[in-house]
Amino acid sequence: FTTNGFLVVAGRDAQTNEVLLRKYMEKDDIVLHAEIPGGAVVLIKDAKNRVKKEDIMEAAIYAASYSKAWDVGLGATDVFMTFPEHISFSPPSGMYLRKGAFMVKKKELIRNVSLEVAIGIKVYEKNSALGVAIISCPRENAMMQTDKYILIRPGKKDKNEIARESRKILI
């Protein structure tokens, strides 16, 4: 969820991106994707005409951070924002779209979006029992939603080493 309570959902790969767009995208959603092939499609649900700039930036950070830009070690990348009516799954005659691909007829570019992910532990109560969830989100959300979090940015450390260090810090 964004700071202002909008639900944000993202795909994990080309297949889930396609399912997200074809099955779950609705007319009042906002669609974001990094301007680099191989990233998560991010939807801000039911947000059109009601979303604030900070909600869009939080979702843009998520889209940028869960893209190939992270794998190549970029510190920032551009992210585009569009609306469902500007998404097409049918290419023009004589062209081909590979699995998970889509065409965007009109988009707005958000430039130099920082790549960073906050990972935190959220303790909650459900049916009189305590539960724990690990969440990944933009820093602003982590400050509000978790008691303890770490901020991760692209770098040269091995992901297994980062996972071990993160576990020690969070536990």
Side-chain angles (χ1 to χ4, degrees), residues 1-21 24-25 29-48 50-83 87 100 102 104 107-124 131-171:
F1 287 92
T2 67
T3 301
N4 294 307
F6 289 97
L7 176 62
V8 176
V9 292
R12 295 173 59 158
D13 53 31
Q15 184 178 354
T16 57
N17 282 347
E18 186 172 0
V19 168
L20 195 61
L21 290 172
Y24 296 105
M25 179 175 64
D29 294 346
I30 296 173
V31 181
L32 295 107
H33 192 279
E35 271 287 292
I36 185 170
V41 166
V42 175
L43 297 181
I44 308 175
K45 297 297 290 172
D46 195 30
K48 195 174 184 181
R50 302 183 315 123
V51 72
K52 294 188 171 140
K53 197 172 195 170
E54 66 234 28
D55 299 305
I56 293 170
M57 278 311 299
E58 290 170 13
I61 290 168
Y62 204 87
S65 297
Y66 287 91
S67 73
K68 293 290 182 194
W70 189 289
D71 295 342
V72 296
L74 299 178
T77 193
D78 296 340
V79 172
F80 71 79
M81 178 181 88
T82 192
F83 301 101
I87 301 281
F102 55 95
V104 181
K107 60 187 175 183
E108 180 181 326
L109 216 52
I110 305 167
R111 298 210 179 269
N112 295 317
V113 177
S114 295
L115 277 66
E116 61 181 29
V117 175
I119 297 176
I121 296 194
K122 182 177 184 175
V123 179
Y124 61 92
V132 177
I134 297 173
I135 63 169
S136 70
C137 57
R139 180 187 345 190
E140 293 78 14
N141 288 26
M143 289 188 289
M144 291 177 11
Q145 294 184 37
T146 65
D147 295 321
K148 194 176 210 180
Y149 72 93
I150 57 172
L151 191 63
I152 300 174
R153 293 190 178 110
K156 300 204 183 295
K157 273 191 179 179
D158 176 63
K159 64 183 172 185
N160 293 317
E161 184 182 347
I162 292 170
R164 281 190 297 276
E165 290 176 14
S166 301
R167 183 175 186 269
K168 285 179 188 175
I169 292 167
L170 292 172
I171 291 178

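Counting begins at 1 with the first residue of the sequence. Side chains included, hydrogens not; waters and symmetry mates left out as well; all remaining heavy atoms used.
- Taken from CG in Asn4 to CG in Asp55, the straight-line distance is 4.0 Å, to the nearest 0.5 Å.
- The side chain to side chain contact (heavy atoms under 4.5 Å, CB included) search around Phe1 returns Leu7, not counting sequence neighbours.
- Scanning both residues, Ala64 and Ala69, for their nearest heavy atoms gives O-CB, 4.4 Å.
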Criterion side-chain contact (heavy atoms from CB on, under 4.5 Å) on Ile44 and Val9, from CA distance to verdict: CA-CA 7 Å; Ile44 308 175; Val9 292; over 6 Å; no

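- Distance CD/Glu35 to CD1/Ile110: 10.5 Å, rounded to 0.5 Å.
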May I have the list of side-chain donor-acceptor pairs in residues 163-171 shorter than 3.5 Å, sequence neighbours left out?
unit_1, atom_1, unit_2, atom_2, d
Glu165, OE1, Lys157, NZ, 2.9
Glu165, OE2, Lys157, NZ, 3.1
Ser166, OG, Ile162, O, 2.7

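- Defined by atom type and a distance below 3.5 Å, a donor-acceptor pair is missing between the side-chain atoms of Thr2 and Glu54.
- Contact of the Gln145 side chain with the Ile135 side chain is registered, since non-hydrogen atoms from C-beta on lie closer than 4.5 Å.
- Looking at Ile87 and Met25, their side chains come closer than 4.5 Å, going by heavy atoms from C-beta outward.
- Pairs passing the side chain to side chain donor-acceptor pair (under 3.5 Å) check and including a residue from residues 73-83, sequence neighbours excluded, read Asp78-Arg111.
- For Glu116, the side chain to side chain contact (heavy atoms under 4.5 Å, CB included) partners are Ile61, Arg139, Leu151, Arg153, not counting sequence neighbours.
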Yes or no on side-chain contact (heavy atoms from CB on, under 4.5 Å) for Phe6 and Arg50, after CA distance, side-chain angles and deciding distance? CA-CA 10 Å; Phe6 289 97; Arg50 302 183 315 123; 3.4 Å; yes

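- Here the shortest heavy-atom pairing between Leu20 and Gly11 reads CD2-N, 3.5 Å.
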Between Ile134 and Ile119, is the side-chain contact (heavy atoms from CB on, under 4.5 Å) condition met? List the steps. CA-CA 7 Å; Ile134 297 173; Ile119 297 176; 3.9 Å; yes

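- The two residues His33 and Val41 make their nearest non-hydrogen contact at CD2-CG2, 3.7 Å.
- Closest of all the heavy-atom pairs between Leu74 and Leu115 is O-CD2, 3.5 Å.
- Between Ala60 and Val79, the closest heavy-atom pair is O-CG2, 3.6 Å.
- In this structure, the side chain to side chain contact (heavy atoms under 4.5 Å, CB included) partners of Ala10, at least two apart in sequence or on a different chain, are Ala40, Val42, Tyr62.
- In this structure, the side chains of Val117 and Trp70 come closer than 4.5 Å at one or more pairs of heavy atoms.
- Distance check: Ser65 OG to Ile152 CD1 gives 10.0 Å after rounding to the nearest 0.5 Å.
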Test side-chain contact (heavy atoms from CB on, under 4.5 Å) on Cys137 and Tyr149 and set out the steps. CA-CA 10 Å; Cys137 57; Tyr149 72 93; over 6 Å; no

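- Shown here for Ala34 and Ser67, the closest heavy-atom pair between the two residues is CB-CB, 3.6 Å.
- By the 6.0 Å and 45° rule, Lys48 stacks over the aromatic ring of Phe83.
- Residues forming a side chain to side chain contact (heavy atoms under 4.5 Å, CB included) with Asp13 (at least two apart in sequence, or on another chain): Gln15, Thr16.
- Rounded to the nearest 0.5 Å, atoms CG (Leu32) and CG (Leu43) are 8.5 Å apart.
- Between Asn141 and Thr3, the side chains place a donor N or O and an acceptor N or O closer than 3.5 Å (distance only, hydrogens not considered).
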